[in-house]
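Report on the structure given below.
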Amino acid sequence: MATVQRQPLAAQAARLLLDRIRAGEWQLGHKLPGETTLAAQLGVGRSTLREAIRELSGQGVLESRQGAGVFVTALEVTEDWDAVLRRADIVAVIEARIAIEAEAAALAAQRRTPADLRTMRRALAVRARADDSVEHLVDADTAFHRTVIAAAHNEILLQLFDAFVPRVHRAMSEMLRIRPMPDPAADHAAHEALFAAIRDRAAEAASTASRVHLSALTAALG
C-alpha cells in the first residue's frame, strides 16, 4: 500500500486518499476507517491526516460528521466553476442555459408578481431600443433574460444564470459582429412571446418559447 514519502505531507496524504476514493475503495456515502488505522496506512501522523481530511472536505470530497466519522460526499474534486465555463464550448453553455431557462420560464409563469412583470416589461422595452451597438443589444438582451430568471424566485437558478453571463456575453458579441442578426424584429418578437406567456401564467408556453428561442441561438452559434 502506498505511503507518503515527500513534502508537503498533508497534500500528499490528501492526494493518496483521493486516489483511493477514485479507485473505488470507498463508495459515495461510505465511512472512512478511523484516524489511527488510516494514519498508519498512509504513514503519517494523525494531525497530518486531519489536515488532509480538511483539505478534501474543503474540496467537497469528504465530510466530517461530529460523533459519526468522516464520509465520502463526492468521488472527484469539483473543478472551479469559472474555469469550467471559460473552457467550455459556447454551444455547450447555451445548451445548459436552455435546461435552466426553460424551467425558469415555467416557474416564472407560475410565480411572477406584478412587480416582476413591470421589471420584465421595462427590460423588454430597453431591449427594443438597443440597436445602436452590438454591446448595448447584448447587455439589454442579457438583462431581459435575467428578469425572467428572477421572476422564478429561485436563488440557485439565478446564480447559475449569472455564472454563465460573462462567457455568453463575449460569444454573442463576437457572433453578432461577424454575422448580424438576420431578422431583429422576429428575434424581438420571440422575446415578447416569452413575456406574454409569463404574463398570462402559461407555464408550458413560456417554457416552449424559451427553449425555441435559445435553440435558435444554438443553431446560429454552431
Side-chain angles (χ1 to χ4, degrees), residues 1-89 92-113 115-116 145-168 203 207 210:
M1 184 175 294
T3 60
V4 173
Q5 298 177 354
R6 300 190 303 275
Q7 296 290 338
L9 291 178
Q12 274 277 22
R15 185 160 63 251
L16 289 173
L17 283 174
L18 183 58
D19 286 344
R20 292 169 68 178
I21 291 169
R22 287 168 171 162
E25 185 169 344
W26 302 296
Q27 298 296 316
L28 193 65
H30 284 200
K31 180 181 177 180
L32 267 58
E35 274 189 4
T36 301
T37 300
L38 204 52
Q41 289 177 357
L42 295 174
V44 299
R46 293 173 65 181
S47 61
T48 299
L49 175 64
R50 292 189 195 108
E51 188 176 343
I53 289 172
R54 280 195 296 272
E55 180 177 331
L56 290 178
S57 296
Q59 295 171 332
V61 175
L62 298 177
E63 180 183 18
S64 297
R65 300 173 187 170
Q66 186 68 33
V70 179
F71 294 81
V72 178
T73 52
L75 302 180
E76 187 56 84
V77 173
T78 302
E79 189 174 3
D80 179 73
W81 184 236
D82 290 338
V84 172
L85 288 176
R86 284 194 299 271
R87 191 179 63 253
D89 179 87
V93 174
I94 298 297
E95 288 172 348
R97 272 190 66 186
I98 292 172
I100 291 170
E101 293 192 47
E103 177 62 20
L107 291 174
Q110 298 165 4
R111 300 173 178 175
R112 95 293 186 279
T113 65
D116 290 328
H145 282 276
R146 193 179 192 280
T147 66
V148 173
I149 306 292
H153 295 279
N154 183 307
E155 185 62 29
I156 294 175
L157 290 177
L158 190 60
Q159 289 187 21
L160 285 171
F161 177 83
D162 286 344
F164 287 139
V165 166
R167 180 73 175 91
V168 174
S207 179
S210 177

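On a predicted model such as this, the values are computed, not experimentally measured, just so you know.
Going from atom CG of Asn154 over to atom CG of Leu160 covers 8.5 Å, rounded to the nearest 0.5 Å. Here Thr48 contributes atom OG1 and Gln12 contributes atom CD; the two are 11.5 Å apart, rounded to the nearest 0.5 Å. A distance of 11.0 Å separates CG of Asp19 from CD of Glu25, quoted to the nearest 0.5 Å. Distance check: Asp116 CG to Thr147 OG1 gives 8.5 Å after rounding to the nearest 0.5 Å. In this structure, CG in Leu16 is found 11.0 Å from CD in Gln41, a value given to the nearest 0.5 Å. Glu55 CD to Leu18 CG: the interatomic distance, rounded to the nearest 0.5 Å, is 9.5 Å.
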- Decide side-chain contact (heavy atoms from CB on, under 4.5 Å) for Leu158 and Arg146; before the verdict, give the C-alpha distance in whole Å, the side-chain angles of both, and the deciding distance to 0.1 Å. CA-CA 8 Å; Leu158 190 60; Arg146 193 179 192 280; 3.7 Å; yes
- Check the pair Leu107, Leu157 against side-chain contact (heavy atoms from CB on, under 4.5 Å), reporting the backbone distance first and the verdict last. CA-CA 11 Å; Leu107 291 174; Leu157 290 177; 3.9 Å; yes
- Task: Take Asp162 and Ile149 through the test side-chain contact (heavy atoms from CB on, under 4.5 Å) and record every step on the way to the result.
- Result: CA-CA 10 Å; Asp162 286 344; Ile149 306 292; over 6 Å; no
- Message: Under the criterion side-chain contact (heavy atoms from CB on, under 4.5 Å), I'd like the reasoning laid out for Val148 against Ser210: C-alpha separation, chi angles, the key distance, then a yes or no.
- Response: CA-CA 10 Å; Val148 173; Ser210 177; over 6 Å; no
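A cation-pi arrangement is present between Arg65 and Phe71 under the rule of less than 6.0 angstrom and at most 45 degrees off the ring axis.
Between the side chain of Gln27 and the backbone N or O of Gly24 there is at least one donor-acceptor pair closer than 3.5 Å. Judged purely by atom type and a 3.5 angstrom limit, Ser207 uses its side chain to pair as donor or acceptor with the backbone of Ala102.
A pairwise comparison of heavy atoms in Glu101 and Phe161 identifies OE2-CE1, 3.5 Å as the closest pair. Among all heavy-atom pairs drawn from Ala104 and Ala152, the shortest one is O-CB, 3.5 Å. The two residues Gly60 and Thr73 come nearest to each other via the heavy atoms O-OG1, 2.9 Å. For Trp26 against Val72, the heavy-atom pair with the smallest separation is CB-CG2, 3.8 Å. Considering every non-hydrogen atom in both Gln110 and Ala203, the closest pair reads NE2-CB, 3.7 Å. Scanning both residues, Gly69 and Lys31, for their nearest heavy atoms gives CA-CE, 4.0 Å.
Looking at heavy atoms from C-beta onward, Glu51 lies out of side-chain contact with Val44 at the 4.5 angstrom threshold.
Under the side chain to side chain contact (heavy atoms under 4.5 Å, CB included) test applied with Leu17, the options Val61, Val70, Leu49 reduce to a single match, Leu49.
Atom CD1 of Ile156 is surrounded by 12 or fewer heavy atoms from other residues, nucleotides or ligands within 6.0 Å.
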